[in-house]
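The next block holds one structure in the form of structure tokens; read it before the comments.
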Amino acid sequence: MPELPEVETIRCGIEPHVVKKTVDHVRIHNGSLRWPVAEALIEVLPGQKVNSVKRRSKYLLFTCDHGTLIVHLGMTGHLRLTSHSDARRKHDHVEIVFTDGSALCYNDSRRFGAILWTENDPLEHVRLVDLGPEPFSPEFNAAYLYQMSRGRKVAVKTFLMNAHVVVGVGNIYASEALFRAGITPARPAGNVCKVDYERLVQSVIEILKEAIAAGGTTIRDFSDSEGRPGYFKQQLCVYGRAGQKCVSCETLIKQIKLGQRSTYYCPVCQK
DNA sequence: CGAGCAACCTGCATGC
DNA sequence: TGCATGCAGGTTGCTC
């Protein structure tokens, strides 16, 4: 479900509702996510206060008194704010109930997501330590992408989606950013020149910021912490538009597969 | 090291 | 109606 804009939308929605709250108890209904949810959370979390909700890549970091809860939503994960008296829904796997009776509920039909716990620096966690730069950080620039891509034969779109290169760019925004930059997605990353990477960096930053401003993209079932959809779908130029006219030149948008992921582009505007 | 791809799992749309 | 197929905002961990 979520790329960086969707995770950031969820973070903004949740933060004011959980910060300064104290955990009363934790319920694990189905801890079988990508990695087993630590049963120890049931013992460890109660009594701890949530001090901040941050984001690194597509991970949400709930900083607590004596550790950090690291949450990834996978493809279909949802977090919603509930009351302890609300009815449970199908695929509600983990509930964190606060002392005031409010709760944070993790729902994930495909269970590709993860809920991890660390008492050390979360950025040093094995899942986070090797990640590439944040797209809004100064380290994400044309010189960096150019240098990283030399000698790489992989398609530039797959390269852009590689979290060791840059985090947060998933399947929707990779197609969108390449369209805006005028780069055809199947081009080997190592053949893309510096000037093109300059445009790509700008396009990625712009698209992600616009998507955050729109509250993310809802294709199927994305919703924020209060159940509202995102509105960036209206601004998508190529993703999901196979066979429709290019917004710029009216050529029909093409769909191909790259790295097992559907990829959309305009064969005229993108070279 | 990089590239390619199967796997994890459920739900939904489509076609016979 | 049923059943088989293919697809889905992600990531890991194999093989070559």
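Note that the structure is predicted; figures quoted are calculated from it, not measured. Letters go in sequence order (proteins before strands), and every chain restarts at 1. Hydrogens, waters and symmetry mates are skipped; everything else that's a heavy atom, side chains included, is used.
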Say you pick atom P in B:dC9 and the same atom in C:dC3; how far apart are they, in whole Å?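 About 23 Å, rounded to a whole number of Å.
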P gap between B:dA7 and C:dT5, integer Å: 15 Å
Reckon [X] has a side-chain N or O less than 4.0 Å from the OP1 or OP2 of [N]?
{"X": "A:Lys58", "N": "C:dT11", "value": "yes"}
{"X": "A:His91", "N": "B:dT10", "value": "no"}
{"X": "A:Ser109", "N": "B:dC9", "value": "no"}
{"X": "A:Lys257", "N": "C:dA8", "value": "yes"}

Where the side chain of [X] is concerned, which of [options] is the nearest nucleotide?
{"X": "A:Trp35", "options": "C:dG13, B:dC9, B:dA7", "answer": "C:dG13"}
{"X": "A:Arg127", "options": "C:dT12, C:dC7, B:dT10", "answer": "C:dT12"}
{"X": "A:Val154", "options": "B:dA3, C:dT11, C:dG13", "answer": "B:dA3"}
{"X": "A:Lys153", "options": "B:dA3, B:dA7, C:dA8", "answer": "B:dA3"}
{"X": "A:Gln255", "options": "C:dA8, B:dA7, B:dA3", "answer": "C:dA8"}

Between A:Lys153 and A:Asn191, do the side chains contain an N or O donor and an N or O acceptor separated by less than 3.5 Å?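 There is no such pair (donor and acceptor under 3.5 Å, judged by atom type) between the side chains of A:Lys153 and A:Asn191.
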Secondary structure string for DNA chain B (Watson-Crick or G-U under 3.5 angstrom, | for other-strand pairs): .|||||||.|||||||
What's [X] touching, base or sugar-phosphate or nothing? Going by heavy atoms closer than 4.0 Å.
{"X": "A:Arg261", "value": "base"}
{"X": "A:Thr158", "value": "nothing"}
{"X": "A:Arg220", "value": "base"}
{"X": "A:Tyr173", "value": "nothing"}

A:Phe222 side chain reached by A:Ile10 side chain, heavy atoms, under 4.5 Å: yes
Within the supplied structure, the quantity of interest is the number of heavy atoms (other residues, nucleotides, ligands) at a distance under 6.0 Å from A:Lys21 NZ; does it exceed 12?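 Yes.
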Do any N or O atoms from the side chain of A:Arg80 and from the backbone of A:Glu226 form a donor-acceptor pair under 3.5 angstrom?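 Checking the backbone N and O of A:Glu226 against the side chain of A:Arg80, no donor-acceptor pair under 3.5 Å is found.
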Are A:Met161 and A:Leu258 connected in a single hydrophobic cluster, I mean Ile/Leu/Val/Met/Phe/Trp/Tyr linked by side-chain heavy atoms less than 4.5 Å apart? no
Side-chain-base donor-acceptor pair under 3.5 Å for A:Arg152 and B:dA3: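 Checked by distance alone, the answer is no.
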What's the separation between atom CD in A:Glu210 and atom CD1 in A:Ile212, rounded to the nearest 0.5 Å?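 CD1 of A:Ile212 is found 10.5 Å from CD of A:Glu210.
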Does A:Arg11 come within less than 4.0 Å of A:Glu8, counting only side-chain N to carboxylate O?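 Judged by the 4.0 Å cut-off on N to carboxylate O distance, A:Arg11 and A:Glu8 do form a salt bridge.
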Verify the stacking flag for A:Phe112 against B:dC9: centroid separation must be under 5.5 angstrom and the ring planes must differ by under 30 degrees. no
